[in-house]
Amino acid sequence: MIYETEDELLFKAREAHGKTFREIDQYSRLNNTRATGALGQIVEESFFEYKVNSNAEADFSNLGIELKVTPFKQNNNKSLSAKERLVLNIINYMTEAEKSFYESSFWKKNQKLLLMFYEWKKEVDRGDYKIIETILFKYPEEDLAVIKSDWTLIQAKIQAGLAHELSEGDTLYLGACTKGANKNSLREQPFSDEHAMQRAYSLKQSYMTALVRQYISKEKLVHFSSLEELQEKSIEQLLNERFEPFIGMTMEEMALRLNIQINPRNRSAVPNLISALLGVKGTKLDQIAEFAKANIQFKTVRVQQNGRPKESMSFKNIDFEEIVREQWEDSYIRNYFVETQILFVVFQFDEQGVLRFKNIKLWHMPMQTIERELYEYWAEVRKVLDEGVILTKTKKGVENNFPKSDFNGVAHVRPKGADGNDKVQLPDGQSITKQCYWLNASYIGRIVSDIEE
DNA sequence: GCATGATCATGC
DNA sequence: GCATGATCATGC
């Protein structure tokens with residue numbers, strides 16, 4: 001069956017809404033394969049009735065439209081999120097290096113996507129997942145500007161003979177995610193003898209979540225930058241430009257200049273300053289389009305006169321049941337740092353002890369640090385859990401044998417509870433004050449100082 | 001002066 | 001009621 005127009009195709013696609021994969025599946029794919037791509041294949045061969053292929057051309061080639069069947073999920077707080085990144089075509093390092101963006105394999109195959117969303121539910125058999133919504137997706141111009149710059153960055157690494165150093169954190173919306181059975185899925189690259197991990201273009205999970213919320217939850221996101229700006233400059237440059245005029249000011253002075261009311265002691269003071277300063281006063285930061293799509297999370301840093309923060313930085317409390325069960329590759333802490341861009345908003349105490357805005361830094365943890373120090377840290381926590389957590393009463397409180405800040409210079413474990421009764425149970429049954437993932441103050445100091453890493 | 005255990009305070 | 005950003009307090 002050939003679909004002559006986009007409307008015709010969309011009309012057909014919408015007939016799948018409310019159907020489960022079991023209802024659609026004519027060739028018993030559900031029973032015969034456990035492969036992750038099976039759900040997409042069921043839609044291809046049983047619903048649209050064309051042969052599953054891996055052509056460089058888009059699936060509906062006469063229309064230039066690529067079919068993607070992709071999951072979303074409901075969170076505990078009822079909001080919706082994409083369940084995973086959207087994996088596109090594999091990058092052929094040998095041929096992609098010479099192409100322009102519009103000649104690239106990414107653009108050829110994925111410029112128009114028929115996105116069919118199904119709802120993933122824990123504890124539900126995959127045959128019972130239902131297709132909920134379909135959109136014919138064409139990148140908005142604002143997003144395309146960022147995607148082009150992401151693509152250019154990926155290509156620049158290939159051209160520099162550094163395909164083996166590509167990582168998802170390098171880019172904002174379009175990623176180069178690993179794709180292959182294991183670490184041995186390697187490919188050659190044109191400007192280096194080193195083999196590189198096989199990777200595919202992908203739309204990041206945060207980008208897909210923004211689409212889910214826009215099209216299914218009908219949420220509105222607000223851009224802080226204009227199309228013209230995004231076509232000329234990177235998001236990082238634009239952020240630097242927006243913050244630059246406020247360097248040296250106290251929070252009160254910033255608020256006065258921005259004509260907003262804040263209480264510097266309130267937790268909302270810094271996010272309120274950020275949204276006002278970006279020209280989207282009153283918008284929650286997770287409703288800013290660029291932040292949502294690139295998963296930019298802000299963190300405030302207060303440094304002393306010597307440029308070093310007095311305090312370390314805490315993240316999520318450690319879920320001990322989770323950490324003993326998980327694999328490194330899909331561990332909470334690895335995913336967090338692979339997928340999160342952190343916007344450090346740095347304030348510094350001056351000679352009078354007055355806190356003044358110093359600078360910002362858009363940062364993601366380098367892949368080498370994730371795979372070395374962060375991995376060692378994670379492995380050490382598990383080792384302690386496995387070999388035995390030793391709790392010792394001291395004058396200062398209850399000491400434990402989790403990694404301390406001298407472990408490897410990057411991260412440590414430290415308590416974080418609401419009060420003396422805020423405890424959890426360890427896998428071995430002992431009760432312990434809730435513990436948290438912390439990045440060392442000295443490590444944060446190195447990141448936010450001007451010294452290159 | 002730093003490291004580390006403890007816990008406050010706010011916002012959802 | 002809980003999660004989390006923030007910071008205190010004390011011993012070495």
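Chain letters run A, B, ... following the sequence lines, proteins first, then strands; residues in each count from 1. Atoms considered below: every heavy atom in the structure, side chains included; atoms not considered: hydrogens, waters and symmetry mates.
- Here dA6(C) is the nucleotide among dC8(C), dA6(C), dT4(B) with the atom lying nearest to any side-chain atom of Lys416(A).
- In summary, of the residues considered (Tyr336(A), Tyr332(A), Tyr437(A)), a ring-ring contact (aromatic ring centres under 6.0 Å, His included) with Phe315(A) occurs for Tyr336(A) alone.
- Here the P atom of nucleotide dC12(B) and the CG atom of Leu285(A) are 12 Å apart, to the nearest Å.
- Summarising the geometry, the separation between CG on Asn263(A) and P on dA9(B) is reported as 14 Å, rounded to the nearest angstrom.
- Between Asn306(A) and Gly420(A), the residue whose closest nucleotide on DNA chain B is further toward the 5' end is Asn306(A).
- Side chain of Arg302(A), nearest nucleotide from dG5(C), dG5(B), dA6(C): dA6(C).
- Ring centroids of Phe407(A) and Phe402(A) are separated by 6.0 Å or more, keeping the two rings apart.
- Here dT4(C) presents its C1' atom at 15 Å from CG of Asp286(A), a figure rounded to the nearest Å.
- Lys396(A) has no side-chain polar atom (N or O) that falls below the 4.0 Å cut-off from OP1 or OP2 of dA6(B).
- One interatomic measurement links the two molecules: CG of Asn421(A) to P of dT7(B), which rounds to 9 Å at whole-angstrom precision.
- In this model, the phosphate group of dG5(C) is approached by a side-chain N or O of Lys299(A) to a distance below 4.0 Å at OP1 or OP2.
- The CG atom of Asn77(A) sits 12 Å away from the C1' atom of dA3(C) (whole-angstrom rounding).
- Checked for salt-bridge contact, Glu6(A) and Lys112(A) meet the test: a charged N lies under 4.0 Å from a carboxylate O.
- For the pair Trp438(A) CH2 and dC8(C) C1', the interatomic distance rounds to 11 Å; values are reported in whole Å.
- Aromatic ring centroids of Trp151(A) and Phe106(A) lie 6.0 Å or more apart.
- Tyr375(A) has its ring centre no less than 6.0 Å from the ring centre of Tyr377(A).
- Less than 4.0 Å separates DNA chain B from at least one heavy atom of each of the following residues of residues 265-273 of chain A: Asn266(A), Arg267(A), Ser268(A).
- Taking the six-membered ring for Trp and the full ring otherwise, Tyr207(A) and Tyr173(A) have centroids separated by under 6.0 Å.
- Exactly one residue among Thr283(A), Leu277(A), Leu239(A), Leu285(A) makes a side chain to side chain contact (heavy atoms under 4.5 Å, CB included) with Phe224(A). That residue is Leu239(A).
- Taking the side chain of Asn317(A) as heavy atoms from C-beta on, and the options dT4(C), dA3(C), dA6(B), the nearest nucleotide is dT4(C).
- Where Gly417(A) and Lys395(A) meet DNA chain C, the nucleotide closest to each residue was compared, and Gly417(A) sits on the side nearer the 5' end.
- Toward the 5' end of DNA chain B, the nearer of the two residues Ala418(A) and Arg414(A), judged by each one's closest nucleotide, is Arg414(A).
- Of the side-chain N and O atoms in Ser405(A), one or more sit less than 4.0 angstrom from OP1 or OP2 of dT4(B).
- Two rings, from Phe357(A) and Phe243(A), have their centers less than 6.0 Å apart.
- Atom CG in Asp419(A) sits roughly 16 Å away from atom P in dT10(B) (whole-Å rounding).
- For Thr433(A) and dT7(B), the shortest distance from a side-chain N or O to OP1 or OP2 is not below 4.0 Å.
- For Arg308(A), a side-chain nitrogen or oxygen approaches OP1 or OP2 of dA3(B) to under 4.0 Å.
- Per the geometry, CG belonging to Asp319(A) stands 15 Å off P belonging to dC2(C), to the nearest Å.
- Where Lys316(A) and Ser312(A) each meet DNA chain C at their nearest nucleotide, the meeting point lying more 5' is that of Lys316(A).
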